[in-house]
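The chains referred to below are lettered A, B, ... by the order of the sequence lines, with proteins before strands, and numbering in each begins at 1.
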Amino acid sequence: ETGVTQSPTHLIKTRGQQVTLRCSSQSGHNTVSWYQQALGQGPQFIFQYYREEENGRGNFPPRFSGLQFPNYSSELNVNALELDDSALYLCASSLGVGNTEAFFGQGTRLTVV
Amino acid sequence: GDSVTQMEGPVTLSEEAFLTINCTYTATGYPSLFWYVQYPGEGLQLLLKATKADDKGSNKGFEATYRKETTSFHLEKGSVQVSDSAVYFCALRRQEGNNRLAFGKGNQVVVIP
């Protein structure tokens with residue numbers, strides 16, 4: 001049990017809609033990273049939040065945005081959903097941004113129809 | 001940019017057989033290297049890691065050695081069990097900056113009784 005929880009576990013949305021995914025980090029962790037895992041692929045880094053500030057972003061368009069709250073939980077928002085956004089979205093928390101282990105949640109399976 | 005390459009295709013083998021999954025990487029500097037495992041319907045779990053050249057990571061009978069000269073981090077296990085059936089991802093993380101992970105595409109391992 002890693003202590004990282006994500007909600008919801010599954011979600012179906014229509015193309016063009018907006019979606020918010022949530023992540024509660026492991027107790028004491030102040031850093032949250034989000035990854036997109038398309039079917040049959042490895043996870044791709046979306047962005048990271050450290051102490052409520054964005055701390056690095058992967059190759060994703062601006063319609064992917066995020067937030068981190070004072071309790072270090074985090075949200076991933078995706079606007080104007082496209083069919084290719086269908087994927088497993090993984091959240092990982094860690095203590096700091098240095099050489100520390102990242103603990104992953106079970107993910108949210110998003111299907112865009 | 002940083003990248004990880006895993007051998008193509010699923011791996012199917014019999015119980016007690018020897019398992020090897022190849023992983024090579026491209027990165028500047030001296031990244032840390034990881035193997036993650038993903039069981040059906042779950043998130044990623046860290047299997048083992050190595051942080052510098054010639055280090056050997058090991059866990060649950062799995063081993064991998066950080067080979068800087070060949071930029072490789074191949075995963076091995078001497079005698080697999082049915083419970084080892086999962087998807088295995090090789091990943092790297094730079095030593096500097098944020099602790100984002102770059103993953104390979106993963107290999108599905110199916111162990112037949």
Side-chain angles (χ1 to χ4, degrees), chain A residues 1-7 9-10 21 23-26 29-51 53-60 66 68 87-109, chain B residues 1-10 21 23-27 29-52 55 57 59 66 73 75 86-109:
Chain A
E1 184 64 46
T2 67
V4 180
T5 58
Q6 293 185 241
S7 62
T9 54
H10 295 83
L21 310 182
C23 172
S24 293
S25 58
Q26 186 162 310
H29 285 184
N30 55 14
T31 304
V32 171
S33 302
W34 286 92
Y35 292 83
Q36 180 195 64
Q37 185 181 6
L39 195 62
Q41 302 294 317
Q44 298 291 316
F45 177 77
I46 303 175
F47 44 57
Q48 179 183 88
Y49 279 84
Y50 171 60
R51 293 185 175 179
E53 297 288 330
E54 187 178 291
N55 182 49
R57 187 180 182 92
N59 189 26
F60 281 82
Q68 188 178 32
L88 180 68
Y89 288 85
L90 295 166
C91 164
S93 78
S94 60
L95 180 59
V97 296
N99 199 17
T100 60
E101 183 175 345
F103 293 85
F104 284 82
Q106 290 190 319
T108 294
R109 172 72 64 188
Chain B
D2 299 341
S3 67
V4 175
T5 301
Q6 292 182 232
M7 52 191 280
E8 290 291 327
I21 305 176
C23 170
T24 57
Y25 69 90
T26 301
Y30 302 93
S32 295
L33 300 175
F34 304 83
W35 277 99
Y36 281 85
V37 59
Q38 187 174 37
Y39 297 101
E42 298 187 12
L44 299 174
Q45 297 177 27
L46 178 64
L47 181 59
L48 53 83
K49 67 178 181 182
T51 58
K52 61 183 186 296
D55 267 3
N59 186 26
Y66 190 141
F73 193 55
L75 182 68
V87 181
Y88 292 80
F89 293 95
C90 184
L92 70 80
R93 183 182 69 203
R94 284 192 181 187
Q95 300 286 12
E96 69 281 357
N98 64 35
N99 56 1
R100 71 166 69 178
L101 292 159
F103 288 89
K105 290 187 176 182
N107 286 102
Q108 173 84 50
V109 172

**Request:** Go through the side-chain N and O atoms of B:Q45 and B:E42 and say whether any donor and acceptor fall under 3.5 Å apart.
**Result:**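 B:Q45 vs B:E42: donor-acceptor pair found between side chains.
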**Asked** Do A:Y35 and A:F47 have side-chain heavy atoms sitting under 4.5 Å apart?
**Response**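 No. Closest side-chain heavy atoms not under 4.5 Å.
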**Prompt:** Given side chains that start at C-beta, do those of A:F103 and B:L44 come closer than 4.5 Å, heavy atoms only?
**Reply:**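 They are not in side-chain contact.
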**Asked** Ring centres of B:F34 and B:F103 under 6.0 Å apart?
**Response**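 No, the ring of B:F34 stays outside the 6.0 Å limit from the ring of B:F103, centre to centre.
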Is [X] in contact with chain B via its backbone, its side chain, both, or neither, using a 4.5 Å heavy-atom distance?
| X | value |
| --- | --- |
| A:S94 | side chain |
| A:Q6 | neither |
| A:Y50 | neither |

**Prompt:** Could you give the distance from CD (A:Q48) to CG (A:N55), rounded to the nearest 0.5 Å?
**Reply:**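 Atom-to-atom, A:Q48:CD and A:N55:CG are 4.5 Å apart.
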**Asked** In Å and rounded to the nearest 0.5 Å, what is the CD to CD1 distance from A:Q36 to A:I46?
**Response**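 One finds 5.5 Å between CD of A:Q36 and CD1 of A:I46.
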**Residue, of A:S33, A:G107, A:P43, that accumulates the most heavy atom pairs under 4.5 Å with chain B** =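 With the most close heavy-atom pairs to chain B, the winner is A:P43.
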**Message:** At a heavy-atom distance under 4.5 Å, which candidate from B:Q38, B:K49, B:Q108 has the highest pair count against chain A?
**Reply:**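 The answer is B:Q38.
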**Request:** Name the region of B:Q6, side chain, backbone, both or neither, that has any atom closer than 4.5 Å to a heavy atom of chain A.
**Result:**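 Neither the backbone nor the side chain of B:Q6 comes within 4.5 Å of chain A.
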**Asked** Checking heavy atoms, do the side chain of B:R93, its backbone, both or neither come under 4.5 Å from chain A?
**Response**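 For B:R93, side-chain heavy atoms alone lie under 4.5 Å from chain A.
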